[in-house]
Amino acid sequence: MKMKKFMNNPADLTKELLEGFALANENLVELKPNNIVVNKKLPQANRVTVVTLGGAGHEPALSGFVGEGMLDASVVGDIFAAPSPQACFEALKLADKGKGVLFVVLNHAGDMLTGNLTMKQVAQAGLNVKKLVTQEDIANAPRENADDRRGLVGCIPTYKIAGGAAAAGKSLDEVYAVAQRFADNMATLAVAVRGATHPSTGSVIAELGEDEMEVGMGQHGEGGGGRQPMKSADETAKIMIDALLKDLSIKSGEKIMLILNGAGATTLMELFIVYRQCAAYLKQKDITIVANHVGELLTVQEQAGFQMFMARMDDELLKYWNAPCNTPYMKKA
Amino acid sequence: MLADKTKLDKTLLKTMLLEASRLLREKSDELSELDARFGDGDHGVTIKKIAAVIDQRAAGWGDAGLKAFLTELGDAVMGVSGGAAAPLWGTFIGGLALPLEDEATEIDPPLLIRMFSSALEEMRGITDAKAGDKTLMDALIPAVESMNAECVNAERVNEERVNGAEDSIGKILAAGSSAAEKGAKATENFVARFGRAKNSKERTLGTADPGAVSLSLFFRGLAAGWAGH
């Protein structure tokens, strides 16, 4: 199928989307050279700061969460591609306000290579940076092999928790510890019903049959798990909730965060219908949703499907999740 | 008298790099198509960007010596935003520069081998991928091994010859190119263990790894550039 997208020269996608994003949010963020999006209040920060890296094409992620209480800088690569280690190093230097920087990297081949090469430069320069990897896709590896798990939407609440702890004046070690505890207790499962087109090439990523869905799609809909006949919202919700509860060993009486993240072409109508069943099913199991989000945080163009995210919560994590933040796509008073 | 075919200088290296970047650009759409099967379909886009950097740097090569040029080229390639390929290629090209002396103006066969061995070592430092994991290492490892074997052979032959040396650089590059191509082709028989394709597991059998293919094209371009000079 021919790609139908509003764009100009495909080579300018990242540049133009970032320019538009910065113009639309000029009171909150600033676009610096080398595609670094910076929290406008960073110059006044006297605390630990939080930086991340990742490809474009997943809007509002990742830069949509740059602002007070979440990310201080996001280093943006080209469409679905990691930025350079040089740009990341520059962003870390820029973000360091003397209290150290938490550097959040999603577990994808390119991002990890860039993250590791950046840390080499960090070590040479003697910067105070701690790297945290988010890897929570339960579809492509068991929990024992967490290093093989992809980083999906879980990076977003991780930024929030880390940003909350940083704003509370915690040290870098403390911010890292609380964010890592959250990351160790989170899990995501994704389902795809229709693939996306790569906006630079127009090629379709992962084609699915008319009546098929795939549980365990990757960030870009690349294959990962079971293809099966299309199911109803209620059936799909139950399959996914069961898988996440099992992976996290969550028992009756526990408190969780639940996020339904639309992949780009699945409607809010569908997400609410799925959420309704999740809430009822969890209540039946005596598991309490203490934090939630339903909407688009991290998308993949016009891919249809969603990511279901779950995390075990405690009072401290909940406090940081609920702490104030002011970013283009997440605001808490 | 025949031109000396046992040494490689700035002019020749430039010719080789330009041919390699031309070939990479020519094949970039095929690389994207290959990547679309189990990756996200943009490997050719990244390779095109890397080729543009090689092209631009090689064409505009000023006074920089071999070492400085290759070091800067590696940094520039690493600066390309393009997933795993850019840091890998940047590390590879930067690795070539390491064994060179600052003032080096010529590369003889043993030095050429040291350069490629160094590039391989640098790559091993940043990726855990081993032979058979369906990555660009499946092209790189056999290429460097074959170049090494060919170098040993060429040196021996040249010692035995009285009048002039044979084209040992050309033979070494050809050996690397052919081994890289075979290695890339062999990835069709492997199950992906790295990158996005690894999630498709056994389904990746029968499809070559785009990263191995693109690196083999680089070797082919270097050899063709030398052969055509």
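Residue numbers start from 1 in every chain, and the chains themselves are labelled A, B, ... in the order their sequence lines are given, proteins ahead of strands. These values consider heavy atoms only, across backbone and side chains, with no hydrogens, waters or symmetry-generated copies.
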Please table the atom pairs, donor to acceptor, closer than 3.5 Å between any side-chain atom in residues 133-142 of chain B and protein atoms at least two apart or in another chain.
{"unit_1": "D133(B)", "atom_1": "OD1", "unit_2": "R193(B)", "atom_2": "NE", "d": "3.2"}
{"unit_1": "D133(B)", "atom_1": "OD2", "unit_2": "K130(B)", "atom_2": "N", "d": "2.8"}
{"unit_1": "K134(B)", "atom_1": "NZ", "unit_2": "T187(B)", "atom_2": "O", "d": "2.8"}
{"unit_1": "K134(B)", "atom_1": "NZ", "unit_2": "F190(B)", "atom_2": "O", "d": "2.9"}
{"unit_1": "K134(B)", "atom_1": "NZ", "unit_2": "T204(B)", "atom_2": "O", "d": "2.7"}
{"unit_1": "K134(B)", "atom_1": "NZ", "unit_2": "T207(B)", "atom_2": "O", "d": "2.5"}
{"unit_1": "T135(B)", "atom_1": "OG1", "unit_2": "M137(B)", "atom_2": "N", "d": "3.0"}
{"unit_1": "D138(B)", "atom_1": "OD1", "unit_2": "G132(B)", "atom_2": "N", "d": "2.5"}
{"unit_1": "D138(B)", "atom_1": "OD2", "unit_2": "K134(B)", "atom_2": "N", "d": "2.8"}
{"unit_1": "D138(B)", "atom_1": "OD2", "unit_2": "T135(B)", "atom_2": "N", "d": "3.2"}

Query raised in the report: Taking it one step at a time, do M78(B) and T114(A) satisfy side chain to side chain contact (heavy atoms under 4.5 Å, CB included)?
Result: CA-CA 9 Å; M78(B) 205 181 282; T114(A) 289; over 6 Å; no
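- Both the backbone and the side chain of D78(A) come within less than 4.5 Å of a heavy atom in chain B.
- One distance of note links CD of E33(B) with OG1 of T201(A); it measures 9.5 Å at 0.5 Å rounding.
- To the nearest 0.5 Å, atom CG of residue N116(A) and atom OG1 of residue T127(B) are 10.0 Å apart.
- The distance from the CZ atom of R37(B) to the OG atom of S203(A) is 12.0 Å, given to the nearest 0.5 Å.
- Using a 4.5 Å cut-off between heavy atoms, D29(B) does not touch chain A at all.
- For the atom pair CG of L113(A) and CG of L88(B), the computed distance is 5.0 Å after rounding to the nearest 0.5 Å.
- Per-residue heavy-atom pair counts under 4.5 Å with chain B were compared for P10(A), A82(A), A141(A), and the maximum is reached by A82(A).
- Of the atoms belonging to D148(A), heavy atoms from both backbone and side chain fall under 4.5 Å from chain B.
- One N or O on the side chain of Q86(A) and one on the backbone of D75(B) form a donor-acceptor pair closer than 3.5 Å.
- Within a 6.0 Å radius of NZ in K246(A), no more than 12 heavy atoms belonging to other residues, nucleotides or ligands are found.
- Of the listed residues G41(B), A36(B), A84(B), the one with more heavy-atom pairs under 4.5 angstrom with chain A than any other is A84(B).
- Using a 4.5 Å heavy-atom cutoff, the side chains of D42(B) and S200(A) are not in contact.
- Residue T91(B) touches chain A through its side chain alone, counting heavy-atom pairs closer than 4.5 Å.
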